[in-house]
Each structure stands twice: as C-alpha cells, then as structure tokens.
Amino acid sequence: MNKNRRGQSRRHPLRLPLPAQNSAVRSQINGSHCSSPPPHCQVASCLQLPQFAGAHTRVTTPKSTNPPPAMDAATAAMVWFRKGLRVHDNPALDAARRGAVRLYPVFVLDPRYLRPEPAAPSPGSARAGVARVRFLLESLSDLDARLRSLGSRLLLLRARDDVADTVCAALKDWNIGKLCFESDTEPYALARDKKVMDFAAASGIDVLSPTSHTLFHPAEIIEKNGGRPPLTYQSFVAIAGHPPEPVMEEYSELPPVGDTGGYELLPVPEVEELGYGDISQEELSPFRGGETEALKRMRESLQDKEWVARFEKPNGDPSAFLKPATTVLSPYLKFGCLSSRYFYHCIQEIYRSAKKHTNPPVSLTGQLLWRDFFYTVSFGTPNFDQMRGNKICKQISWTENEELFLAWRDGRTGYPWIDAIMIQLRRWGWMHHLARHSVACFLTRGDLFVHWEKGRDVFERLLIDSDWSINNGNWLWLSCSSFFHQYHRIYSPISFGKKYDPNGNYIRHFIPVLKDMPKEYIYEPWTAPLSIQKKAKCIVGKDYPKPVVDHETASKECRKRMGEAYASNRLDEKPAKGKSSNSSPRKRQLTPNSAKTKQLKRSS
DNA sequence: CGGTGGTTGCCCCA
DNA sequence: TGGGGCAACCACCG
C-alpha cells in the first residue's frame, strides 16, 4: 500500500490548478514573498488581544533585527509539521524553503499521544483510538513520499517526553536560523508552541507562524467583532467576509535536507508496530490518511457539480454508510491533509459556473465556515472545553450514572439505532453528522442526562476527525449548553433513523446479531414477540440488551430537568431587582462602572 | 419591550 | 413531500 502510494506520487507530481481568474491574485501573493510573507501568513502582533497575551510570543520575520546568526544558520530552515500534513497551500513550508540552502522538514512523534493504553476501552493510546493513529501514520507516510518526490524527505523524530524539548534540541543541534510552522490555536498547542517560540527568541532564531489551518485567524475575527467572539453563526459570517486565497505555488524541488548529526531518523511506523495488541478487527475505517488521498477524495466529491451546488447539510442521510452522504473530508481537514482554503476556493469555482447554489449555513462552503466559527469561539472563550468557568455554557446538574454512560459508550443501550452509531464510531472513527447528533442528544438532554463532557471525551478519542474546537462546540450545541437552546426538540432513538432507513440496513451491518430481525421490530426489538426473536436468533436480554431507559419517560424527565436548569441559569444571570446582594460574574460585568463596559452588550 | 429568526424534532394530516 | 401544531428556548434587533 505505502509502496504504491509512494510510487504513484513520484510518477505523477502533484498538479493543483487554481481557477484562471485567480492568477492575478496568485502572482501578487508569490511576488510578496520576496520581501515579506502575505498578510495572512503573519501572526501579526496587532491581532493579539489582551486576553490572549502570551498566546504568541514575539514572531520575527526575515527582516528581523536580531543579531545575525552564523552564516550556515542563516541558510538552514526548519519546517515543523504538526497539523498541516500537506505540500499544497502550505505557507509555512513555502516560507521555510525560501532562501534556504538546507531545509529540515520535521515531525515529532509524541509518546504521550501514541503510547498504548491497555486499560483503554478499545485499542489505542489513552488519547487516540487506533483508527486515528493509523490515519495519522498514513498521512505522515504520504507526506514523506510527497517530500521525497521533491528531493526532500520527512525527518521523523521521537520525543523522549516533551515534543517542544525535542524541537528545541534539534533547532540547536542543527544550527537552524529560521523556523516555520503553522499557527495552531488549541490550548495544548499554544502552550507547546510558546515553549518553542521562547527558545527561538532567546537563540536568535527567526520564527514564522502563518495561519493556514483555518480560513481565518480566530484572533482576526475577534478583533473585528470588538474583542469578543461572535456567538451566532450569522454574525460570524457577516464579520468574516471572504477568506484569503490559497498559496498554490507548484514546486519542482525543495532545498536538500542538511546533516542531521547523530539523530535517529525513524521510518514511519506501521500501526501494527506500535503495540496496540490485536487490531485485526473484522472491519476497520475505510478512510485512508494522507494528502494524496485527500485531494483524490476532494476531486471525486466535486466532480458532480450539481450535487455540490445543491448540497444541504441537514438533508443528508445519516444511515448511508456504503456511500456516505457527505464528502468525508473532515479527517483530512483535521490533519491538514487538505487545505480548507483550497477546498473553499474549489467550491466557489463550481458555484460560479452553476445557475444557482445553496448558501451558508447549509451549503458546502457553509460547512467550512462552521468550522471557522467554532475555532473562533473556542479561541476567545476561556474554559471552552468544560462547563464550569465557561461563560457561554449553561450550568446544568447532569446526573452521574456510570452504568448508563458505559452502556452508551460501548454500544449496548438496547436502542439499535444508537448502538449501531456507537459501534460505527469505534470501528470507523467516523459517522454521519446527524448520527452524531442522535447519540449526543441521547446521552445528554434527550435520554440519559449524562454530562456532555463525558461524551466529548469518547468522541475526542475515537473520531478520526476529532478536532478540539469543533468537537467541544458541537457537544455544547447538542446538549443545549450553548449556541442552541430548543431543548424540547429531542431526537427519537427509534423514529429518527427509521425515516431514513426503514429496513434497518445500517443497523444490520453494524450489529450483526440483529441482521435477521424483521424490519417491523429492528428499531425496537424488545417489542418483537418471543417467537419472532427466536426465529431471528436474537433474544432480547440475552443476545442483545434490553433498553437501558424508556425513551418516552426518560425524555419527558429530561425536558423537565432542562427547564429547571434553564430557569436556574436565568436567575443566576438576572438576579431579582430588589436584591442588592452579591454579584454573579455576569452582573459585575454589566455594572456600568468602567469604560470597558461600553464594549459589552447592554441588556437595557 | 416585543418581534423575529435559529443548519438538521416529532407527529399527524393531506 | 410539505405544512401545521406541539411547547417554547435564547440571541439579536429595532
């Protein structure tokens, strides 16, 4: 498999056509590289907001006034890959190779991310299921092949403990003068990158950290919105405007890799070598990682222009699994195998030639804007990934019930539609968006009333497209903790799937024990007469679990609890008028006692 | 303060 | 397949 991919890559160097009318813009961008990077490539200090001070340390450009590094250092550059595992539209790679006599393309394997966790509920590390680990390794292997076709290669290092330490050591040992890496706004990444940037600053190494994972830099949007992240999609879209053009330079070659001294350079391991035990499951994720696969998949998705122009996300079929109803490009966007800006502009190109097309929020471009929306809100919201201390999150007394949670996690709730989705998650690391909605609603406000953070953790580990901002954002959404508040709209674990897949083919595929259950009962097998259960070789309570809750009564109870929680949150936010009592944080904010207050929303 | 809109609910009816 | 009722939330806007 790898050999094939590598071979193909060498024979057919990547060609990525940009729309003709973009050529003027493209040459502008290219020209601008001679002096300084294009505007969106800079993490400009003017974009930094007070609350994010420290998020980015000083970033120097090639015009830096730092003491000149040694002659060889000035010409040695490192491009540090983390996400952004691609060659196309990669401003960090582009910046690193310019003027470099030697180029060190580095990826650091993180033992804390990859180390096998035997106690985990499914094969993989504590933080990533085996499906996503494999996707990552495939992406690295493909990236290596792409770089080799350009006369370079990927330098795969293994961190002993801390990734930042490993990068810093290599910077020093290889006498690097310029370091380039894609900006990453997740909290974990910000802390890691700060460490490296501090080291670089102290060592006189130029650092360039362009924005290219998302369409926009979250800080840019937040600044445009007066210092606060826009909390509705519509306001986000209105503020965002048009994303920058992708940087689509075509390389014939990259600068050669320099001497790596005594460093052990690893080949990209196969997932079987990482010690996750027996992973020869009956079925694994059908989605292969890598830029080559990403571009192929994108082209195939965009081939049907009519489909692109008419795409409406809410109308997709969550039970379609042989041919998913969406593009399944999310894992490629997550790892940066596909550039969101390139994808966006390819869609726009199709829109231009179409008579009519759908629009955000439901359109394909709308989906990319949702991605940026959640990146922006998560960047501007402290404690975004938890309920406590999160100002945009409703405070709800979720019940602690480990038994119910485990039944949900392991796909044995007794609701075949829910269980099939959770099994698809575990095996494939991917399921349709609306399927995610079904199970997220079921776990939280719909049936089990378990904390959304518990479900978030399961998704985060198992999804091949798991993405900190988007995953947390959607769990806030589905649990009616933020963004979305119509908690009486509950997905039925029976009728929702049935309307798309009345025969239950999706269930039969992922839960083989139910494959002979007549379609009249497959969504509620506990209602099947015992004779039917026997005939289908599936006795409910023995071969397949009884439902853990009764949806009718459970959802009613959930509605009631949500109503109470919302009322309680209203009280916290707007204390009774007469009371001069102490101050919720919100109330203090609204007290007109400082100039800052003017920037805040006023409720009067 | 009141009106309106919000990517993706369910059920029933025509 | 599309509309209304159900019961009714919040954020935003004027």
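Just so you know, these numbers use all the heavy atoms, side chains as well, and skip hydrogens, waters and symmetry mates. Proteins get letters first, then strands, A, B, ... in listed order; numbering begins at 1 in each.
Taking the six-membered ring for Trp and the full ring otherwise, the centers of Tyr506(A) and Trp417(A) sit less than 6.0 Å from each other. Aromatic ring centroids of Phe384(A) and Tyr375(A) lie 6.0 Å or more apart. Taking the six-membered ring for Trp, Trp370(A) and Tyr233(A) have ring centres closer than 6.0 Å.
Per the geometry, CG belonging to Leu571(A) stands 16 Å off C1' belonging to dC9(C), to the nearest Å. Going from atom CZ of Arg561(A) over to atom P of dA8(C) covers 18 Å, rounded to whole Å. Atom NZ in Lys498(A) sits about 16 Å away from atom C1' in dG9(B), given to the nearest Å. Here dC10(C) presents its C1' atom at 15 Å from CG of Leu476(A), a figure rounded to the nearest Å. Per the geometry, CG belonging to Leu231(A) stands 16 Å off C1' belonging to dG5(B), to the nearest Å. Straight-line distance from the NZ atom of Lys560(A) to the P atom of dA8(C): 14 Å, rounded to whole Å. In this structure, the CD1 atom of Ile392(A) is 13 Å from the C1' atom of dC10(C), given to the nearest Å. dC9(C) atom C1' lies 6 Å from atom OH of Tyr487(A), rounded to whole Å.
With salt bridges taken as basic N to acidic carboxylate O contacts below 4.0 Å, none links Lys454(A) and Glu400(A). We find that Asp516(A) and Arg508(A) are not joined by a salt bridge, their nearest charged nitrogen and carboxylate oxygen being 4.0 Å or further apart. Comment: Lys305(A) does not engage Glu349(A) in a salt bridge, judged by the lack of any side-chain N to carboxylate O separation of less than 4.0 angstrom. Of the charged side-chain nitrogens involved, none lies within less than 4.0 Å of a carboxylate oxygen, so that Arg297(A) and Glu300(A) do not count as a salt-bridged pair. A salt bridge is defined here as a Lys NZ or Arg NE, NH1 or NH2 lying under 4.0 Å from an Asp or Glu carboxylate O, and Arg559(A) with Glu564(A) fails to meet this definition.
Cation-pi geometry between Arg82(A) and Tyr188(A) is not met at under 6.0 angstrom from the ring centre and within 45 degrees of the axis. Cation-pi geometry between Arg561(A) and Phe449(A) is met: under 6.0 angstrom from the ring centre, within 45 degrees of the axis.
For residues 358-387 of chain A, no pair satisfies salt bridge (charged side-chain N to carboxylate O under 4.0 Å, His left out), with sequence neighbours left out.
With sequence neighbours excluded, no residue satisfies salt bridge (charged side-chain N to carboxylate O under 4.0 Å, His left out) with Arg456(A).
In this structure, CG on Leu404(A) lies 10.0 Å from OG1 on Thr413(A), to the nearest 0.5 angstrom.
Ring orientation note: the planes of Trp398(A) and His451(A) are tilted relative to one another, at an angle of 30° to 60°.
For dA8(C), neither phosphate oxygen OP1 nor OP2 lies less than 4.0 angstrom from any side-chain nitrogen or oxygen of Arg559(A). In terms of phosphate contacts, Lys394(A) brings no side-chain nitrogen or oxygen within less than 4.0 Å of OP1 or OP2 of dC9(C).
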Taking N or O atoms only and anything under 3.5 Å, show me the protein contacts with nucleotides 11-14 of chain B, one pair per line.
| unit_1 | atom_1 | unit_2 | atom_2 | d |
| --- | --- | --- | --- | --- |
| dC11(B) | OP2 | Ser495(A) | OG | 3.0 |

When you compare the protein's N or O atoms with those of nucleotides 6-8 of chain B, which come within less than 3.5 Å of each other, and at what distance?
| unit_1 | atom_1 | unit_2 | atom_2 | d |
| --- | --- | --- | --- | --- |
| dT7(B) | OP2 | Gln234(A) | NE2 | 3.2 |
| dT8(B) | O2 | Pro314(A) | N | 3.1 |
| dT8(B) | O4 | His433(A) | NE2 | 3.0 |

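Within residues 440-459 of chain A, no residue has any heavy atom closer than 4.0 Å to DNA chain B.
Nucleotides dC1(B) and dA7(C) are separated by 22 Å at their C1' atoms, to the nearest Å. Spacing between dT4(B) and dA8(C) at atom C1', rounded to whole Å, works out to 14 Å.
Among the duplex regions that DNA chain C forms, those built from at least three successive Watson-Crick or G-U pairs under 3.5 Å are B:1-6 with C:9-14, B:9-14 with C:1-6, ordered by first number.
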